[in-house]
Structure formats: structure tokens, C-alpha cells
Amino acid sequence: MEYLAQQVLNAFSIGGNYALLALGLAIVFSVMRLVNFAYGEVIAVAGYAMFAFFSLTGVDHGLVLVPVGILAAIGISIALERVAFRPVRYAPAATGLLTAFGVSIVIRNFFITLVATRSKAVPTPQWLGQHVDIGIARIQLIQIVETTLTALALLLLVFILRRTNIGLAMRAAARDFDMVRMVGINANKVIMAAFAISGFLAGLAAIFIIARRGVVDPFMGFGPVLKAFVAAVLGGFGSLGGAVLGGFILGALEVFFQIALPSSIAGYRDAFVFALVSVILVWRPQGLLGVKHQFGDKDE
Amino acid sequence: MIRIPGFIKGAALTALLPIIIAILVVTFGSGAQERILNLFLINLILVVGLQIFMGNSNIVNLGHISFMGIAGYAAAILTIPVAIKKTIIPNAPFGLATFQLGPVEGAILAILLAMLVALIVGFVIVRESGISATILTLALLVIVHTILANWVELTRGMRALYGVPMTLNTWLVLIVAIAVIFFGRWFRDSPPGLQLRASGESLVAAESMGVNVRLLRLVAWVLSAGVVAAGGVLYVYLIGSISPKSFYFDTTLLTLAMLILGGMNSISGAVIGVIIVTAGFEIMRYFESSPVIFGVKLPEFLGLTGFFLGLIIVLSMALRPKGMVGSDEIDETLQRKSG
Amino acid sequence: DDEVVIGHVAAATGELAPYDSVTGVQCMVDIVNEKGGVLGGRKLKLLTRDMKSDAALAGTAAQELIDAGARVLLGPPTDDGLIPMGVIAMPLSIPVISVGSTQVQWPAAVPGVAYLTAYGDNASAASAAEFAVKQGYKTALLMISHDVGSYSIATPRYFGETFEHLGGKVVGELNWNLGTSDYSPQITQIAAMNPRPDMIFSAFVMPDGGTFMRQAMAAGLDIPVFGTDTFDDPAMLSAAGPGGSLMNLGSHGFPSEGSALKAFYDDCAARGFKIENVFFGLGGEAVEIVRHAIETAGSDDPAAINEAIGNIENMKGVTADSITFKDRGGVPLKDVVIVKGNNGQFELVDRIMPNWVPEADSDWKPENAAE
Amino acid sequence: MRPNDEPEAMLELDSVRVEYGAVKAVQSVSLDVREGEVVALLGPNGAGKTSLISAIMGVVPITSGTVRFLGRDVTLASPEEKVRMGIGISPEGRRIFANLTVAENLRLGASSQPDKAIRERNQHRYLEMFPILKERFHQKAGTLSGGEQQQLAISRCLMAGPKIVMLDEPSLGLAPVIVERIFDLIAELKAARLTILLVEQNANEALAVADRAYLMHSGRLRFEGEASRLRESEDLMSHYMGLAEAQ
Amino acid sequence: MKLAVSGVSKHFQGVTAVNDVTLECASGEIVGLIGPNGAGKTTLLNMISSLLTVDAGTITLGDQAVHNIGPRQIARSGVARTFQNIRLCPNLTVRQNIEVAYTTARRHRRQRLGQLTIERLMHQLGIAHFAEHKASELAYGTQRRVEIARALALAPEFLLLDEPTAGMIESETKELIAAIMEIRDWMGCGVVVIDHDLSFITTVCERIYVLDMGRLVASGPPSVLRDDPRVAEIYLGRKARRQAIQAVNGPPSPA
Ligand SMILES: Nc1ncnc2c1ncn2[C@@H]1O[C@H](COP(=O)(O)OP(=O)(O)OP(=O)(O)O)[C@@H](O)[C@H]1O
Ligand SMILES: Nc1ncnc2c1ncn2[C@@H]1O[C@H](COP(=O)(O)OP(=O)(O)OP(=O)(O)O)[C@@H](O)[C@H]1O
Ligand SMILES: CC(C)C[C@H](N)C(=O)O
Ligand SMILES: [Mg+2]
Ligand SMILES: [Mg+2]
């Protein structure tokens, strides 16, 4: 019982991390139809910024390093939008994908050539590494904080997208960028805002990833972002709630297969996870929370 | 008078550059350069293979390299001498460790196997469009890789399988590459190819015009898998050994980059993309290894290649978002300009 | 001119880079040349090509270096890149020496020209088992992954086999995947085991191992974690944070006062090289093996060098005092250093030449063993 | 501020050219629209009307020439700046935000109007005028019928209370009874001194409500002057509007 | 052959777009479908072309039930359509757009193709000199014509046109009328056309169905426009009523 509760909690926190990243991917996808493959590198930038700040100033206090990481992620996200993604804004989806891929190679190799291929230690707030025993389960603080923040981020984003003009404009810009401008909105700023939010989420996720891993390295973002990408589609790409749900489901699947598969086939865990995801997608191509309407000749 | 179909002229034009490159390298190049040429031609086959499905259906495909892997492993397992198999995969299932096939039979069986797998997974994939189809192809890549890495009795896991007789000859690779270019172009220009392209641009319109989108996707998917599989077979015959790492994200993304950079909607785009990326890569590799230029020895700068490759991709996409040759074939563009 | 060309197909970038050392090789070449080179005054010339952790590129790079006159090739740390090199080198009798690999089966793939600089995985795992038994550990849990070549799958089994041979008991196997950043499911599984194992043996790589120990410690699970050479990187310790004290590993060498390794490190540090981890020492050692063989052969003919390497006996190396290749099928006989994490530093605790080493690639599996 | 004694040219184009690669869609067009005026821009398919409007708006690049609005050179100004200055557009093809609801479409349309009272008044007004929009208020705009979308597009561009609106074929896809309502609306807006540049295929209706008209063909202006003059000129009308495909 | 819709309904959340509608069109016949905006015309067409499933009722082609069989099957059985919101393939040329339909017809409806060629279609619709242009480069009115040509290239038994004259000036409409009549005579297909241009509807249609709020409110020869006061009220404005009367009767003073 205790064991089960603990594993459920683990699933929530793994899922929470995917969910944060899936949200970040989904928001950029929903404004630009861009599958941001460079998102993993945004995470890495957050980590390296913390590393650089720490090794230059020696300051290792979480209250300083956490904002440094988050600001760096926001900054790089905005910068990438400006220099790399804006020129391909009108291009076919595959072009955006490739640009993102190119950006990710550049950033990764930047760290490889100028820092090191090896991982570098980054201090994270001590208290994140602690645990409390509540009733039947031993809860790590990082797990509670992360799950809570994911929920808050989702609520905030839903509020922004549903209730504010800039949020409406984000959703509108996805379909018709020029028309958004023709109702008098600076659509560039709108898209930039989406990237900023996405960067913020990456920064947040980066803090948690680094708190768990203890180090940064040039490849650290790839795995989580790949999973987050799957999570976002699983939940219904473009639907924020879907992204979060997808993240949690993927977390649960991973934990489930990790503990349920006998050790002789445990190595196939990812194959099982992806196979199940495929089954769900074949059953609901629009994603779990994506709604399927009959549109006839109309547009969604 | 016999009229030469348009696709033949177009394909011939497209194949010209690779042929010239091949002849130059074979005549003047070193051993290493000939090896690079072979890899270039194999990439060409992979990328044109990728184009056949992705370029026509407009579905981003992240799964094609799994067919390279399936065929590569199949060809390797079928052609490795029994003596070697007895030491590295003695417990291979289906008695695979007990016989050896010749390279041609091995290749044919390997390609057929990949196409069969493609046919089976294809039934699922062609039902979906857009991003969920892409995720399914991604799932395919992960699943196939996981199986290759874990089915130790059959594949030796992440350890390399070795001992594949290296029977390749550059001219043979060149001929296959040219054949693939013609094949890809023929498919693109054929009525089914055109219909598939239409469905990629407007699914509703294409279906309302009677296009059997799923069937055409399936056909393209299986053909694409076959061509990619051929690339995989040539790859093992060239390298002589094989490990699952070669059939994962790195190769997937590299071939994808080549295709999109050149222009994914055309065979010319695929070919140009491979040429540009290979050339860029080799030039950067040259600078990386501290060459002496005008008497100045440049510093060694490992990691430079990746950096610049990324930069080239980002820049070219910014300057030519539809790829270097755009969405039309080179000959079509020339014709339009002159006509 | 009369330089002797050595080619290094290096994993300078990519995920294998921590287990190779361009600089260690370079430093030793500099040292050799400063001391007068080989064969009475001929200098070594090092050509390096980055294989970017890509197998096909390793083959191409090997061909390039051979075209450029390389007499000996140094290679990357895994067999997928080494074999394509070996396949090209074998007909020319050019020896291929991996700087970082510990995979015992690799030399069998291209017999006669393939060598490791390090000991084999079975030897290091056996030493770790011997040490564990000496510490009084009776039960062990194995953590296995299929994701990192031979290393992550075979090494734990070599350990298990030796451990049971010496009277210990393997109580379970758990899977891990490369690049995981959250090991909480596994940690919860281990914490729930009853009784808990005395120790964990794993074949993690960087930084996964550190991450695992960090999280184990944070979850209050303080069981010693044993591993071998891929643990040997200061970054691994810093990743582990407070969990670093759980770390035990069988390594290639230790720069203790007065050791050859320390002297090499100091020399190289003075030359401006940065010593990242023990693979730096292996890089130097690979060059030393080549130098030694050239001198013994008295020629820079690849076949002669190759033969000389195969006959090395009791050579004094950089990481180990005695290295023997003779009759070992390319895998050297060396002793294994056991180190522990202590306050963010590695601490030497033992040196072991294992008495009993399991056969390479045995079919032993813990599920066949007593439950 | 300029003196206001004579009708100012609110919008002024000077030798504007628009090219798409080799296609010369608009070739040196100069026209002006004065404050409070309704100006019709007529012409057959492919004449370049939409290209011209898009160029004024700044969503299609101008090859050469200048656009002035309220005396300021706005040739290079961004579309959003122009909207903020008071230009509204109901574009060809409606371009409603299909994935937003009717309400959200209207809200975005009003986003350049800072005054909440005005926004509310306008919304009220257009929902009264096009009751179907009220009925479908929370429905995704993409699922509206063609004509409903057209009504939404027109309402959207009026929500902010612009100084000038450019309507590209506003009656397209509308039932006759709604077409009439649109032209009534145009007349009403005109009475309220709103300036209008009207592109229409419905020439008679357009000329009836317009003060002046331009006739465009193959990228060039063939006529400019009083709307009534054009209406009476059977020659011009049949030559350009009637024999469109003759060449 | 006959295309028959009987008792068909369609609901979307809260909206009944089509409510128990029955109509038919025989080969060679041109039938008009009119009604106010949002009456359900396009929805009805979407159901006939199987882009939407019917919630109730049946649609038959000859003696075959064809509702809910999917857009591809419908196209193969010989029903072609155009779209109110133009749906061309933007990166294909005009010729290729048409070829897509033509090649499926060649596969499945070869016997009907007869003299039909892509060149001839492009001529008939006045788009021949745009043949090598990409669809995305065309003016709105031109795109409409390409859509019609593409639908015709299917050699349909029945042609469904959704607002073919939208965006055309009077003279262009006239040309279109001529083209449609000519094609009908030549191919003998039945045509169901939605349009808001009354002169067009009254000129080409033998019969008109009037929809309002999803229901069929009137049907008959074009003169219902004049004679049925309800139609006038829901659909025609003041002026349009006058025009409609003119259109049906001819101008007041005989010319
Ligand atoms: N994106 C484009 N690329 C190339 N040519 C274009 C493009 N857009 C329009 N054209 C061409 O420019 C010319 C003018 O087109 P435009 O859309 O401005 O005409 P229009 O007067 O609005 O016609 P319509 O009444 O049919 O809407 C046409 O010949 C058209 O083919
Ligand atoms: N997918 C859908 N979801 C919800 N409502 C819809 C959907 N499709 C159509 N409707 C509604 O059904 C009604 C009928 O729409 P339809 O498009 O059939 O009208 P129409 O007669 O073609 O009008 P128009 O002449 O303006 O094109 C409209 O009020 C529309 O809002
Ligand atoms: C983990 C690997 C990169 C290195 C390891 N020593 C091996 O030989 O496989
Ligand atoms: Mg227009
Ligand atoms: Mg309609």
C-alpha cells in the first residue's frame, strides 16, 4: 500500500515534469504550428547559465540561481524566436522543424566546443532534495513542488489564453498571422510572448531536472523533450489541458512499465510505452482531450 | 518518333550532378574520399527513399530509419559467415545462426522483410494525418530501436554485429542511387504521386475528388521503406558491421535535414540537400582537423562541424524556407522561367 | 620526412567523449617527442580525427589516417566504431588500440590487430566483487541497461557471477534507461525490498550514476553503489552530491603520491593540459604502449609494431605498474584500483588483481541462479 | 493639425506598384479617398483590386510608390500601426479566426479601441444589425455558414470604430436580404461620415452608394471620377466590366 | 439516373442545420438551392458529398443508398463538388489540380470521360492561360473557375456547385452560365447549384428549392421566387424582390 502510494507519487512527479515541458511545446505549437525541437536546448541553456553564474561568482544560493536559470531560458527562447524562427514563420511545418533542429545542433555544439562534453555540476536549492514522511508515504519536496507548480502553470496559461486579448491573439495568430495584424495587434509581440512563456516553463522544468540530476550537460534536454512532445500529442496538441494530461499519463506509463515488467524484458520498457501511446493515438487521433468534430467543408 | 516522358529527362538532369561527383572522386580521389562518396550515395538513397513518402504525402516521417535498421540487420544476419555467427549470436532464433546467404539473396530478403514490416505498420500509420501520424512514426523508430537493442540473441544488443562480407563496389552503389532517383521521380510524377501530393495539400479536396488517400499513402510508405531498406543493406555491406546506434535519432535527423534543406517536395531537392549537407560536413571536418592553409596551421577545433552544420541549416531555412530548390523540380522551375 | 605517424580516431564529441581522451594522447606524444622520440630520434606525429561518436565516421576517419600514413591507430571506446576501423586495418596489419574501451569481446572481432588499453570488464567486475566480499557484503542487487553497449549489460553479470562464486548472493535485477533524470521508481522498488540488499552493482554511465546516487540519498536509501570505470569522473561525484559517499568503483588507476600516473598528470598539467578523468591517463598509456612496441620492434612497420604489442609482458605503464598483452588476445592483464567517494573526492582504498575472473560473454544469468 | 476647410485626402496613393515575382498585379496606381467619402473600386477578376488593398494595408509589399494616410507617409508602416491610426479592413476571403468563437473574433476586432464604452456600443450595434451573430455568439467562427462569416468579418472590422474602412467584396456570399442590409449599413456609415473604400463585383449597388469610383483592369486604372458618371457610361462598363475575358 | 435526398437532417451541438429535407435532381437537370445565410444549404451539400454524416434520412443515387459512404466513394460514384471556401491545392498548378480529379476519373469512371480533356475544360472555363500557374497565385474569381473545372474533370453524373458566382462580376457570371449549360448538355450531368445571384439562379435552374432554418419552405420553377410571399420575406429584400420579378418575367419593357 505504502509502496503503491509512493509509486503513484513518483508517477505524478515524473509526469509533472513532462507536463511542464509539454505545455511549453504546446503553447508554441498553438501559436506557430512549430514543433520546437530546440526546446531541449532551452533547458540546457538554463542549466549552463546557472553553471556559468555559479562558477563566475561563486554564489550557490538557490534564490539567486533559480531566477538566473529561468531568466536565461526566457531570454534564449525570445532570442531564438527573433533570429531563427521568425524568418520561417510562413514556411511549411517541416521547415520550422528543421530550423529548430538546426538551432539545437548549434546550441549543443556551442556548449561542446566552449564548455565541455562532460557534465558540469550545478548547485540547486538544498531543500528541494529533502523529503518528509507524511502518513503512508515518504514525499520528496521536489515532487510536491513540481506537481503544484505544474497545476498553477496550467491554470495561469488557461487564463491567459482564454481571457486576455494577447491570449486570444496567440490562438488566432496560429491560423492567420496577417489577419491578427489587420485587427491592430502587434502579432510579433504576441508570438514573442508565447515564446517567453514557453521559455519560462522550460526554465522551471530545468530547475527540477537539474535538482534531480545534479549536473548539466549538452544532451540533458533531449530525452525529456522527446517525451514531452509525445505527451503533448497524446493529450491533443494545441490543447493545454491535453498537454498536461498527456504528461501525467506518460509519467504513469513509464512508472507502471518500470515496475511491472519482469527484469528479463524490462529493457523493452520504452517500446511498451510507445506502443501503448500509439494504440491510444490510433483510437483517438485527435488526442485524449482534442475534440473531434465533423467539419464537412468548414474549418475548425 | 518516340517521345521521352518528362520524368526521364527531369530525373536524368537530377542524376547528373551525383554522377559527375562520383566519376571525379573515383578518378582523382583517395581511398577515404571514395568511402565518403559511398556514404554520400547511400545517404542519397535514404533521402530519396524518405522523400517518396514524406515529400508526397506531406507527413513528417521520423520512422524511416527503422527500415534501414531492419534491412541492415536482416542483411547482416543473413550474410555473416556461420563460423562468426556461432561465436557472436549462437542462439539466434529461427536457426539463423546455421546458414549463410549470398549478398544478393540477403539483400533481396532484407528489403522484402522491411517492406513487409512497413506494410503491416503502414495500415495503422496511413489512417492518421499531421502531427499524430508523425508521432506514430516516431513510436516506430523508438520501438524498432528498442527491439534491436534488447533482442540480444538475435542482434547481440547494443554490441556491434560484425563479419558481414564487404562486397560493395562504388559503381554498384552509384547505379542503385541513380535508379532510385529515377524511381522517385517517376513516382512523384505518376498519377498516384500527383494525387498523393494533392492530398498532402488539401485532404478534403483530394478525397472529394475520389483520391484513395490511405491506399496511396500506404503504397508510398511501403515503396519508401523499400528504398530506405536498400540504403540500409548497402550501408552494412559497406561498413561490414552494424549496431543499433546507427539507426536512431542521429541518422534520422541528418537525413531529414538533408531532405528538408534541399526541398522536400521534389527529388531534385532531396539530391541537392544531400550534396549540400555532405559537402558542408566534409569541408567543416577538414577545417576541424587543423589543416595547413597558405602556410598557416589552423588550430585543431573539434566540434566545429556540428556547430556550422547547425548554422548552415538555420541560415538556409531562413533564406529559402521552402528548401534550396523550392517545391518544384529543377527542370520544372527552369521550364517555368523560360516558358 | 621521418616522423612516425600515429592516428587517433577519437570520440572527441558526442556521448562517448567522456570515455576517450584527445588530450591525454597528445600530452604523451609531446612527452615522448621531447625525450627524443623513437627509433633514435624520429618524432611521433599525431593526427587526430573526431569520429563524433558515429560508427560510420570512425571507419572513414580510419581510412583517412591510413591514407595519411598512420602506422598505428588509436580508437574510440565502443566496438561499433572500433570494428569498422579494425576491418580496414586488419588486411594492412595495422594495430588498432582502443583508448577507453573495456569490452573484452571486441578484440575477437578483428583478431590479431585489436587491443584494449584498459583491462576487460570481467576483470574489473571481478575485482569489485572480490572487494565487496572483503567488505562483508552478502547480497547484491544488479542494475542493468541495454542502452550502453556491452558495458551496461555484461558487466553487472560478470559481477554477479563472481559475487556468487565467492559466496555472495544476487537478490535481484533492475532495469535502468540511459538519460533518465528521475530514478524514483527504481529507488522506491529497492527501498521496498525486504530484506534490503547490502549493496547495488550497476554499470551506469555519466551522469546517470551520479544522478542515481544523489536521488537514492535524497530518498534516504543509503546502500553502497558499486560500479567500474565509467564512474571515474569528478563530474560523476559532483552529480551525486551528498550521494557521492555511496560510490565505490573499480578504476584504471589512481594518482597517489609517487605513482607514475601522478607524475604524468603533473607533467601534463605543467604543459597546460587539463586532466578531466582517468581516461586521460589511459590515453597516455596507449601512446606509451605504442612507443614501447616501436622500440621493441625497432621499426615503424605496422606489422612489426603489431607483433611487438602482442608480445608485451610486464611493461610499466602509466596507470598500472605492470601490463601484459602476451597470450591475452588483445586484452591486457593489469590490476584494478578500487576507489570510493569521500567528501566529493575519490579516495584510494585497494588495488586488486582478481583471483577468479568470469569468462567473457558467459551465458550466466541471475534468473538461472538460486532465487 | 492641418486646417480642415476643404475635404482632405484621407488616404492617398501615388504611383503604387505591386508585383509578385514576374506578375505585375498593380501598375502605377494613384488614387485618393477623401474624408467622409465612399469610393468604389471596381474591376473584373484579376484586375488587381485585392492586391491594391493588401498593399495599402501593408500585408503585401509595395514595389514602388507611396501611401499616405492623414497626410503621413505610411508606405512602410506595419499593418497594426495602420489599424491603430484608424484603418479598418474586411479582407477578401473573410479570414475570420476559425478557431475562435464569434465573441472572441469581435473582441479581437475591437482590440485597437481603448475605450471600453465604444467597444460595447459597437458590439451591441452590430449584433443588433446581424442577429445571427448573437445567436452564434459562443460558437466557433469556422463552423459558421459562409454568409454568417461574411457578416462577422464586416462587424469585426467596424468594432474598433475606424476612420476609414476598406471592404473587399463585402456582399460576397450573402443572401439578397443581407446584401441590402450591407448597403444600408454602408449608407448609414456614410451618413455618419465614415470614409469607405469599397471593392465590389456588384457594380450597380456599389455605384449607387458611392460618391466616386475607380475602374481597374489589368492592374491599371481605366476610369476615375463621379460614380454616377461611371454608372452612365455604358461604354466603359461594358468594355471593362463586360468583356473582362476578351483579352 | 436520379439523385434523391429524402428526409435528411443534421444537428450540431444545439443547432439543427438541416431538418427533414427532401429533394431530388435528375440527370441533365439543373436544380437551384437557395435560402438565407445559415439556412443549411452548404450543410446539405456536405451530406450529399459525404463530408458529413446524415443524422436521419437517406440519400440515394439511382437505386443505391449513398449517404455516409465517405467522400471518396461518392466521388467515384459520380458526384463531384466545389467548395464555398475554396479548396484548391495551393502548390499545384492549375493543370495539376485538375489532373488529380481527371486521373481518378480515368481509373474509375473511364466510360464517361468520352471527349473530355483537361485542355478542353480549361478552355471552356477561360483558365487555359493560367494552366501552369500555381493555384495560390490566382485571383479569387479565377480560383473559383479552377474549382469548377476540377469538379468537372471527374466526369460527374451529378455536379454540386456551392456559390460558383461568388466574386464574379455580371459579365463573368454570364460566361459561367453559358459554360455550365454547355457542359451540362455535353456531359448530360445533373447539377445542384447553390447561389445568391438571382439572375444566375433563375437563368440556369429548371427547379428551385428554398431552404430556411434547415427546412424546405418552398420548391418549384423559378417563379416561386416571385409567387411565394414567404420566400420573398425570408430571402429577398425590397430591391431583390423587384429584381427577382424581373428575372423571372423578363424586364418590364420587352426588349
Ligand atoms: N500570391 C500571388 N502570386 C502571384 N500572382 C498573384 C498572387 N496573388 C495575386 N496574383 C495575381 O495578381 C493579379 C491580381 O490579383 P488580385 O487578387 O489582386 O485581383 P482582384 O482584382 O482582387 O480579383 P478578384 O476579383 O478575382 O478578387 C492576378 O493576375 C493574380 O493571378
Ligand atoms: N460544424 C458545425 N458546427 C456547428 N454549427 C454548424 C456547423 N456547420 C454548420 N453549422 C451551422 O449550421 C447552419 C447552416 O450552415 P450552412 O453552412 O449549411 O449554411 P448555408 O445555407 O450554406 O449558408 P450560406 O449561404 O451563408 O453559406 C449555420 O447556422 C451554421 O452556423
Ligand atoms: C561506456 C563506454 C563508453 C565505455 C566502456 N568502458 C566500454 O567499453 O564499453
Ligand atoms: Mg480580389
Ligand atoms: Mg454555404
Side-chain angles (χ1 to χ4, degrees), chain A residues 29 33 35 37 83-114 117 222 226 229-230 232-234 237-238 265-275 277-279 281-282 284-287 290 295-297, chain B residues 54-55 58-60 62 121 124-125 127-136 138-147 149-152 157 204-205 208 249 253 256-257 259-261 264-265 301-323 327:
Chain A
F29 182 81
R33 304 275 121 180
V35 178
F37 248 86
V83 301
F85 295 125
R86 191 172 292 186
V88 298
R89 195 180 277 161
Y90 304 92
T95 303
L97 188 84
L98 183 57
T99 295
F101 172 45
V103 166
S104 99
I105 305 181
V106 170
I107 297 182
R108 198 183 300 163
N109 282 282
F110 177 83
F111 291 133
I112 288 176
T113 44
L114 290 170
T117 328
F222 185 76
L226 189 70
F229 175 42
V230 174
V233 177
L234 182 66
F237 220 164
I265 55 164
Y268 290 101
R269 188 192 76 186
D270 280 357
F272 281 97
V273 172
F274 274 82
V277 166
S278 306
V279 170
L281 272 182
V282 170
R284 281 185 78 88
Q286 71 278 18
F295 285 105
D297 74 332
Chain B
M54 181 167 144
N58 238 339
I59 294 175
V60 176
L62 301 173
V121 296
V124 173
I125 286 174
R127 296 161 44 113
E128 316 292 331
S129 300
I131 196 92
S132 51
T134 301
I135 288 288
L136 289 181
L138 174 70
L140 175 69
L141 181 72
V142 173
I143 292 172
V144 169
H145 176 81
T146 309
I147 292 174
N150 282 277
W151 195 351
V152 179
V204 172
S208 296
F249 283 104
L253 294 178
L256 217 54
L259 178 60
I260 301 173
L261 185 81
M264 71 177 221
N265 297 115
F301 203 156
L302 306 177
L304 196 68
T305 310
F307 190 79
F308 274 93
L309 188 68
L311 220 53
I312 290 172
I313 292 177
V314 174
L315 279 181
S316 355
M317 289 291 90
L319 297 177
R320 296 192 66 98
K322 285 186 162 182
S327 51

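No hydrogens, no waters, no symmetry mates; every other heavy atom, side chains included, goes into these values.
Interface residue A:P92: only side-chain heavy atoms are found under 4.5 Å from chain B. Neither the backbone nor the side chain of A:L114 comes within less than 4.5 Å of any heavy atom of chain B. Of the atoms belonging to A:F222, it is side-chain heavy atoms, and not backbone ones, that fall under 4.5 Å from chain B. Using a 4.5 Å cut-off between heavy atoms, B:I143 contacts chain A through both its backbone and its side chain. Only the side chain of A:F101 comes within contact range of chain B, with heavy atoms under 4.5 Å apart. Neither the backbone nor the side chain of B:F308 comes within contact range of chain A, judged by heavy atoms closer than 4.5 Å. Proximity to chain B is absent for every atom of A:V273, based on heavy atoms less than 4.5 angstrom apart. Neither the backbone nor the side chain of A:F85 comes within contact range of chain B, judged by heavy atoms closer than 4.5 Å.
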Could you give me the CA-CA distance, side-chain angles and deciding distance for A:L226 and B:L138, then say whether side chain to side chain contact (heavy atoms under 4.5 Å, CB included) is met?
CA-CA 10 Å; A:L226 189 70; B:L138 174 70; 4.0 Å; yes
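We find the CD1-CG distance between B:I125 and A:L281 to be 11.0 Å, quoted to the nearest 0.5 Å. In this structure, CG in B:L256 is found 8.5 Å from CZ in A:F37, a value given to the nearest 0.5 Å. With values rounded to the nearest 0.5 angstrom, B:L62 atom CG is found 7.0 Å from A:L97 atom CG. Note that CD1 of B:I312 and CD1 of A:I105 are 10.0 Å apart. Values are rounded to the nearest 0.5 Å. Atom CD1 of A:I112 is separated from atom CZ of B:F307 by 11.5 Å, given to the nearest 0.5 angstrom. To the nearest 0.5 Å, atom OG1 of residue B:T146 and atom CZ of residue A:F274 are 8.0 Å apart.
With A:T95 contributing its side chain and B:P321 its backbone, the two residues share a donor-acceptor pair below 3.5 Å.
Inter-residue side-chain proximity for A:V230 and B:I135 is flagged as met; some heavy-atom pair is nearer than 4.5 Å.
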